[in-house]
Amino acid sequence: MYRACIILIVLFIFQSCDTTPAPEPHGPLPSQRQLDWHDMEYYAFIHFNMNTFTNMEWGDGSEKPEQFNPTQLDTRQWAKTIKDAGMKGVILTAKHHDGFCLWPSAYTEHSVKNSPWKNGSGDVLKELAEACKAYDLKMGVYLSPWDRNHAAYGRPEYVTYFHNQLRELLTQYGAIFEVWFDGANGGSGYYGGANETRKIDNKIYYQWDKVIAIVRELQPNAVIFGDGGPGVRWVGNEEGWANETNWCLLRRDEIYPGTPKYIQLRSGHEDGTHWIPAECDVSIRPGWYYHAAEDTQVKSLDHLVRIYYESIGRNASLLLNLPVDDRGLIHENDIKQLMALKAQIDKDFAENLAVNTQVTASNVRGDSRKFQASHLIDGNPATYWATDDGITSSSITLSFDQPTRVNRILLEEYIPLGQRVKAFTVEAKENGTWKLIDEQTTIGNKRILRFDTIETTEVRVSITSAKAAITLSNIALYHAPNLLTQPEATRDVDGQVTLSVADKNIEIYYTTDGSEPTTASKKYNSPFLIDRPTTLKAMAYNPEDQVSTKASSWDFDIIKNDWKILEPLPGESTEAGKIIDENKNTYWVSAKGSDSRHVVIDLGRTHLLRGFTYAPMQGRWPTGIITHYRFHVSNDNRNWTEVAQGEFGNIKNNPIEQVIPFSPVKGRFIKLEGEKIVDNAQHMSIAELGVLTGGDKQN
Ligand code: FUL
């Protein structure tokens, strides 16, 4: 014990006497508030406002406060969910483009104060601020510059109003970590009843200098989000990914809100003049706002995992949107996926294997201890490995005692001194031979690479090009488990069935006799034929830990390769083939303006028919979905018998495939009529139509 203390003290003195100077900062640097923001990494967006109650994405400003009426609004439920998901903060749409305010602004009547919610005495911002405090989350605000409700929008008077509202938000709700300004600006709107189109000049109208000054004055620690910052930049898409090459730098003066150069935001600018890192904003559902019809379209686990790696893993932050529903709660389906993502990410990064290695570097600054390579694995973000001035390429080798399986590498630059690395490679030694794992460009605050599992004794990271002496604070290695997800099945018109899972290391086992699949069942290798009524059951299996999913099941019926669309006539529609192409993501829409709302199909030969299936149009803006149907069967395409009629219950909100059985009847021709359509539209649409014959099942 005594000896250990002496050694430590000697080491400490040795290190503190080390006079090697730190590298000079290089290029634009992050401010302290930006460094604090980099640490947040993963936080929630909440789109909840008037649109939640009008089922819109953009309201036009003519909505009435009476329409805002959540019945169970509970910001603590939001905060608990966000905390449990591993996020560090939340940004709320205090005011969206329709102008409705979630707080009782003193400057407008268009707010919660005139809504039925809490008889007008409520304040969503206040409730969220309290919940954030209770759950130790940071809070941010989204304030739309564009306001389609305000009568003076487009004139100087509105800009004063906008600034006043900003002051309210920044003074009444405690600390704010981010102020979010949208790039969508100007256009048509209600504007106090004028109902016209108003254009503004994005660069000058809002007096951005004044806006920035207000934020600096009232919330000096808040970063400002905008297309071009000044604190944090948009990433140039709403899908949750940055380019692999991603600089925290931007030629700021070339970018303004609504910039046509937004594609460049995905990478930033290597020669940027300012530190303006990227934030990836993406919704967990197709829409930003809640729509009951999207309850079944919450992003899959593998999609969310991909988003995580392509945002946080590519030197950006992840702002994941949760559309709070019209009860005022985060929906159960969204919570389930958020927690699944959390569990997977926790597993992926459960154990940093690099701490078991010996780390050496081909160059260490001044050969000193202060910048030695072991800082890369000391878990301390304040210490770093650095090279001598002028040394812009160098390798780090991490050596294991024994062969170790890895498939992730995480790298961090010491960004307080600037972003420097321009190119690097990762190699691993397998059975004594070096193998190139990956060749990449930027690192920045954080870079994570995924690769096939390799059993290795040494990993080598070579920085091959940097703007100045290299400064890296962290290298971590992980062995993430395979990603186990339910198998998916598709069948083409010829009956070829394809089974798939997200991770190529996962095995699939299946049966076609109705029995439960096990690892003794058929193993899926390539597409196979199912050309008659068959129940397919398949499960995914992880050979790593012998865990399998429960079985998924599909009922396939006869194949469609000899089916023909008779109506609409070939000349009337080129898209009608999509009704029977076995792809639910393609669709046919009947001619607008025509009052004929039916299709007729020749099945090629006579079958004993026991029912039909109707898959409605999928996607974000479906149109022409049938709610009330009539279904007819014929043997000669002249004499028709109606065999079923009724309603597809709740199809607007839950647009899944409908399966309608009827009493068995022989027939060769079928006719589906759309009697009533969602929102009383005149046209009807079909993504896929099928029949149930259910005859002898294939074994
Ligand atoms: C966009 C807005 O127009 C959307 O409605 C949404 O708020 C998204 C985050 O930003 O530009």
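Read the numbers this way: they start at 1 and go in the same order the structure lists the ligands and their atoms.
Electrostatic pairing of K88 and D39 does not count as a salt bridge here, judged by no charged N lying under 4.0 Å from a carboxylate O. Of the charged side-chain nitrogens involved, at least one lies within less than 4.0 Å of a carboxylate oxygen, so that E127 and K118 count as a salt-bridged pair. In summary, R167 and E217 engage in a salt bridge, as defined by a charged side-chain N under 4.0 Å from a carboxylate O. At a threshold of 4.0 Å, the pair D334-R285 counts as salt-bridged, since one of the basic side-chain nitrogens sits closer than that to a carboxylate oxygen.
With a heavy-atom cut-off of 4.0 Å, N321 does not touch ligand 1 at all.
Of all atoms in ligand 1, numbered sequentially from 1 with element shown, those under 4.0 Å from a heavy atom of F45 are 9 (C). Heavy-atom contacts of E238 reach the following atoms of ligand 1: 1 (C), 8 (C), 10 (O), 11 (O) (cutoff under 4.0 Å). Close contacts of ligand 1 with W58, meaning ligand atoms under 4.0 Å from a residue heavy atom, involve 2 (C), 3 (O), 4 (C), 5 (O).
In this structure, the protein non-hydrogen atom closest to atom 2 (C) of ligand 1 is D182 OD2, 3.2 Å.
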message: Please determine whether side chain to side chain contact (heavy atoms under 4.5 Å, CB included) holds for the pair I82 and I46, giving the CA-CA distance in whole Å, both sets of side-chain angles, and the decisive distance to 0.1 Å.
response: CA-CA 10 Å; I82 291 165; I46 286 195; 4.2 Å; yes
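When the heavy atoms of E57, H47, H97 are ranked by distance to atom 7 (O) of ligand 1, first place goes to H47.
Ligand 1 has no nitrogen or oxygen under 3.5 angstrom from a nitrogen or oxygen of D281.
Checked against a 6.0 Å centroid threshold, the rings of Y153 and Y190 do not count as neighbours.
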